[in-house]
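Chain identifiers are assigned alphabetically (A, B, ...) following the order of the sequence lines, protein sequences preceding nucleic acid strands; residue numbering begins at 1 within each chain. Just so you know, these numbers come straight off a predicted model, no measurement behind them.
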Amino acid sequence: MSSPDTVLGTGEKRKLTLLAADLADWYRQGGGRSFPWREPGTPLYQLVCVEVLLQRTRAETVASFYNRFFTRFPGWHELANAPGEELEEFLKPLGLWKRRTASLRALAAYAAEHDGMFPNRYEELLQVPAVGQYVAHAILMFQHGGRFPLIDVNMARVVERFVRPRKLADIRYDPWLQQACRWLVRRGDPKVVNWSVLDHAALTCCARAPDCQSCFVSRRCAFKAA
DNA sequence: AATGCGGGGGG
DNA sequence: CCCCCAGCATT
């Protein structure tokens, strides 16, 4: 007998299915944001690096940094062979530069050993340095075309406001939130659904001052701003 | 479950 | 000023 707090209910599934469909439509009609790494044909190398650059960092900031970074470090090989000090200097304007330097160097070392490929099993991916749940899901989606949710603070906020808040402090360990996010990407193009949720979170369902007045799904949303 | 990492944007 | 940002490793 499972607690209702930890199990995704039928009504909740219906809400999420409709939300995902609406957000994906909105995105396909051009409602979302545009970033260089979303262009078709972006190499996995760039996609993985960008996920590290995006951690706790605004996507617009990373976008303005994108060309400079990949001009200097065009591939895993250049990144792996770059002097650590130069990489640190490069990353300083982004913040978290010490940590990011270690993460990128570890990833580059791994990629060099594995011909630029990453495991296609979640448990195996978690053993790769600098890869947590979020990056593992990103790799499963981008490299292996898997149907996985990019569960970050944005997706968590959208889902929690739209349906209900999670119980546990850590996003990664709340069973209900995990189920809800997986359900969200159950249908449709995983990339489109994920990006649409992230963009909705950034443009309308903001952390500080959500713009519920102009939100086109606010009618079905459980969250009501003051 | 709580902290450290970190510079920059925005209310 | 303080809050927040496509997290992860460590404790």
>> From the set dG7(C), dG6(B), dC4(C), return the single nucleotide nearest to any side-chain atom of Q55(A).
In response: dG7(C)

> What integer distance in Å separates L54(A):CG from dC5(B):P?
Replying inline: 22 Å

>> Side chain of A169(A) only, heavy atoms from C-beta on: which candidate in dG7(B), dC5(B), dA2(B) is closest?
In response: dA2(B)

>> Does the Lys NZ or Arg CZ of K191(A) fall within the cation-pi geometry relative to F142(A) - under 6.0 Å from the ring centre and within 45° of the axis?
In response: no

> Distance only, no hydrogens: is a donor on one side chain within 3.5 Å (strictly under) of an acceptor on the other, for W26(A) and S196(A)?
Replying inline: no

> Separation of F90(A) atom CZ from dG6(B) atom C1', in whole Å?
Replying inline: 18 Å

> Nearest-Å distance, CD1 (I171(A)) to C1' (dG7(C))?
Replying inline: 9 Å

> Salt-bridged, D199(A) to R38(A), with N to O below 4.0 Å?
Replying inline: yes

>> Here's a test of your reading of the structure: between D170(A) and F35(A), which maps to the more 5' nucleotide of DNA chain C?
In response: F35(A)

> With a 4.0 Å cut-off on heavy atoms, is E60(A) in touch with a base, just the backbone sugar-phosphate, or nothing at all?
Replying inline: nothing

> Of R172(A) and L94(A), whose nearest nucleotide on DNA chain B comes first from the 5' end?
Replying inline: R172(A)

>> I'd like the C1' distance from dG4(B) over to dC5(C), given in whole Å.
In response: 16 Å

> Does NZ or CZ of R100(A) fall inside the cone over W97(A)'s six-membered ring, less than 6.0 Å from its centre and within 45° of the axis?
Replying inline: no

> For the pair made of CG in D199(A) and C1' in dC5(C), what is the distance, rounded to whole Å?
Replying inline: 15 Å

> At under 4.0 Å between heavy atoms, what does V153(A) touch on the DNA or RNA strands: base, sugar-phosphate, or nothing?
Replying inline: sugar-phosphate

> Does E89(A) pair with K92(A) as a salt bridge, N-O distance under 4.0 Å?
Replying inline: yes

>> Rounded to whole Å, please give me the gap between CZ in R100(A) and P in dA9(C).
In response: 14 Å

> Mind checking the C1' distance from dC4(C) to dC5(B)? Whole angstroms is fine.
Replying inline: 15 Å

> Would you say the base of dC3(C) and the side-chain of R208(A) have a donor-acceptor pair closer than 3.5 Å?
Replying inline: yes

>> Whole angstroms only, please: what is the CH2-C1' distance between W37(A) and dA6(C)?
In response: 9 Å

>> Taking the nucleotide of DNA chain B with the nearest heavy atom to each, does A209(A) or R99(A) sit closer to the 5' end?
In response: R99(A)

>> Need one value for V52(A): base, sugar-phosphate or nothing, where a base atom within 4.0 Å counts as base even if backbone is also close, heavy atoms only.
In response: nothing

> Rounded to whole angstroms, how far apart are CZ on R157(A) and P on dC4(C)?
Replying inline: 9 Å

> Does a side chain donor of either Q133(A) or Q178(A) reach within less than 3.5 Å of an acceptor in the other side chain?
Replying inline: yes

> So what does V135(A) touch, heavy atoms closer than 4.0 Å: a base, only the sugar-phosphate, or nothing?
Replying inline: sugar-phosphate

> Which nucleotide in the set dC5(C), dG7(B), dA2(B) lies at the smallest distance from any side-chain heavy atom of R56(A)?
Replying inline: dC5(C)

>> Using whole Å, what does the distance between atom C1' of nucleotide dC5(C) and atom CG of D152(A) come to?
In response: 10 Å

>> If you assign C206(A) and V131(A) each to the DNA chain C nucleotide with the nearest heavy atom, which residue ends up on the more 5' nucleotide?
In response: C206(A)

>> Between dT10(C) and dG7(B), how many Å separate the two C1' atoms, rounded to a whole number?
In response: 22 Å

> What is the nucleic acid contact for R33(A), judged by heavy atoms within less than 4.0 Å: base, sugar-phosphate only, or nothing?
Replying inline: base

> Passes side chain to side chain contact (heavy atoms under 4.5 Å, CB included), V163(A) versus W176(A)? Steps please.
Replying inline: CA-CA 11 Å; V163(A) 186; W176(A) 180 86; 3.6 Å; yes

> Expressed in whole Å, how much space separates the P atoms belonging to dG11(B) and dA6(C)?
Replying inline: 15 Å

> Which part of the nucleic acid does T61(A) contact within heavy-atom distance under 4.0 Å: base, sugar-phosphate only, or nothing?
Replying inline: nothing

> Is a donor-acceptor contact shorter than 3.5 angstrom present between the side chain of R58(A) and the base of dC4(C)?
Replying inline: yes

> What distance, rounded to whole Å, do you find between the two P atoms, one in dC1(C) and one in dG6(B)?
Replying inline: 24 Å

